[in-house]
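All chains are named by letter (A, B, ...) in the order of the sequence lines, taking the proteins before the strands, and each is independently numbered beginning at 1.
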2 protein chains.
Amino acid sequence: MTGSHTLGETEARVANRLSHMTLDFEAMAVTSNLFRAASAVRNHFERNVLAESGLSWTAFVVLWVTWIWEPAETRDIAAEAGISKATLTGVLSTLEKMGLVTRARSTTDGRLVLVSLTKDGQTLMETLFPAFNRQEIAVVSPVADDKRGELADMLRAITAKIEG
Amino acid sequence: MTGSHTLGETEARVANRLSHMTLDFEAMAVTSNLFRAASAVRNHFERNVLAESGLSWTAFVVLWVTWIWEPAETRDIAAEAGISKATLTGVLSTLEKMGLVTRARSTTDGRLVLVSLTKDGQTLMETLFPAFNRQEIAVVSPVADDKRGELADMLRAITAKIEG
DNA sequence: TTGAGATTGTTTGGATACGAACAATATGGT
DNA sequence: ACCATATTGTTCGTATCCAAACAATCTCAA
């Protein structure tokens with residue numbers, strides 16, 4: 001992620017470039033590191049856990065949400081996965097083509113589409129999710145045990161603040 | 001981001017679905033909230049700060065890195081922005097078309113391309129970045145002042161662990 | 001009953017995203 | 001000087017990703 005420049009070098013140049021502005025560097029550091037971490041973790045998962053299944057990050061999340069809420073309405077899947085409904089349409093088509101999910105129009109509301117996992121989809125998730133969790137443990141390991149709950153809470157608070 | 005289900009409801013279903021697996025739910029909560037937060041913050045910035053300039057999140061990050069390191073080598077921009085060089089090629093073409101950056105081949109190394117901001121690009125960043133920082137402050141506000149440094153450090157540690 | 005308005009999933013158009021293959025350039029040893 | 005190897009940015013193919021427009025369906029008041 002980081003280029004050839006050290007952290008201190010970057011911050012020095014930033015401070016120099018922005019010296020005439022009144023800025024909150026601590027807030028800047030939080031958001032900046034939030035994105036670096038999220039991006040690094042995501043790429044790590046894609047390469048080390050998902051690649052062999054041919055799944056993208058988003059495809060996995062969609063599969064996971066469907067797994068939990070099956071049969072799931074697409075509007076809920078999109079909301080839980082944090083993607084637009086337009087994106088979901090494409091991802092579902094991909095997963096359908098891979099034989100992992102099925103689409104079925106609701107009998108009580110003709111506008112709704114209900115998504116379920118196929119047998120293959122279920123089998124895949126039962127092996128994939130534990131593997132995923134093992135990597136989650138490794139990723140979080142540099143944070144002290146008694147700080148992880150606090151970390152999750154702070155991130156939750158940020159999300160709530162924006163979406164509230 | 002969250003759908004029609006409450007957090008407790010979701011966790012109950014997850015626990016039920018995964019009851020026969022040995023999982024680290026705290027690690028799961030950290031990564032899960034990491035992505036929710038990053039996604040929420042990114043969407044917030046794109047809609048409230050970047051939209052009026054017609055910039056995507058990535059385009060802004062590329063512009064920012066270039067602003068700091070100008071003239072910047074593309075390999076460094078890609079590394080700092082956390083995107084592949086293939087992606088950068090496309091984003092730079094977009095920014096060039098918008099008249100915000102210029103490309104120039106290095107005179108000392110014919111393989112390198114140096115990127116600089118145009119006058120318009122500089123003007124844009126001088127107004128955009130402070131507006132960006134104001135939103136960063138708002139986003140981080142639900143985290144106590146004396147906890148923000150710790151939060152940034154934990155996120156940095158996670159990134160370092162993966163990329164180390 | 002009927003029709004205006006709301007909701008839902010898909011399509012469209014354009015930008016982003018990556019791995020792999022590629023051409024151009026640079027480096028190092030001989 | 002030569003050339004095998006490495007590095008860099010672009011191109012290609014394919015998969016996301018979103019906003020806006022759209023067609024199908026539902027709701028509910030008149």
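Scanning all heavy atoms of the two residues, the minimum distance from B:G99 to B:T118 falls at O-OG1, 2.7 Å. The two residues A:T66 and A:V115 have their closest heavy-atom pair at CG2-O, 3.7 Å. Considering every non-hydrogen atom in both A:D145 and B:E26, the closest pair reads O-OE1, 3.9 Å. The minimum heavy-atom distance between A:P71 and A:S116, with the atom names listed, is CB-OG, 3.6 Å. Taking each heavy atom of B:T159 and A:N33 in turn, the nearest pair found is OG1-O, 4.5 Å. Contact detail for A:P130 and A:M125: the closest heavy-atom pair is CD-O, 3.9 Å.
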Yes or no on ring-ring contact (aromatic ring centres under 6.0 Å, His included) for B:F132 and B:W64, after CA distance, side-chain angles and deciding distance? CA-CA 11 Å; B:F132 202 86; B:W64 185 81; 9.0 Å; no

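The list of salt bridge (charged side-chain N to carboxylate O under 4.0 Å, His left out) pairs with a residue in residues 117-128 of chain B, not counting sequence neighbours, is empty.
Taking a 4.0 Å limit (strictly below) on heavy-atom distances, residues 87-111 of chain A reaches DNA chain C at A:T89, A:R103, A:R111. Contacts of residues 44-57 of chain A with DNA chain D (heavy atom under 4.0 Å): A:S56.
A donor-acceptor pair under 3.5 Å is absent between the side-chain atoms of B:R103 and the main chain of B:V113, judged by distance alone. Side chain of B:D24 to main chain of A:R134: no donor-acceptor pair is present (N/O by atom type, distance under 3.5 Å, no hydrogens or angles). Counting only distance, with no hydrogens or angles, the side chain of B:S93 and the backbone of B:T89 share a donor-acceptor pair below 3.5 Å.
Comparing the local axis fitted to the first five base pairs of the helix from C:dT1-D:dA30 to C:dT30-D:dA1 with the one fitted to its last five gives a bend of 10°, rounded to 10°.
Looking at heavy atoms from C-beta onward, A:L63 lies in side-chain contact with A:V101 at the 4.5 angstrom threshold.
Between B:K85 atom NZ and C:dA23 atom P the separation is 14 Å, expressed in whole Å. Rounded to an integer number of Å, the gap from CD1 of A:I77 to C1' of C:dT8 is 13 Å. Computed from coordinates, the A:R75 CZ to C:dT10 P distance equals 14 Å when rounded to whole Å.
Contact footprint of chain A on DNA chain D: nucleotides with an atom under 4.0 Å from a non-hydrogen protein atom, first to last in 5' to 3' order, D:dT16 to D:dC26.
Within 4.0 Å (heavy atoms only), B:T74 reaches sugar-phosphate atoms of the nucleic acid but no base atom. Among the atoms of the strands shown, only primed sugar atoms or phosphate atoms (P, OP1, OP2) are found under 4.0 Å from some heavy atom of A:T58.
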In a table with atom names and distances, give each donor-acceptor pair under 3.5 Å that connects a side chain of residues 47-61 of chain B to protein atoms at least two apart or in another chain.
from	atom 1	to	atom 2	distance (Å)
B:N48	ND2	B:H44	O	2.8
B:N48	ND2	B:H44	ND1	3.0
B:S56	OG	B:A59	N	3.0

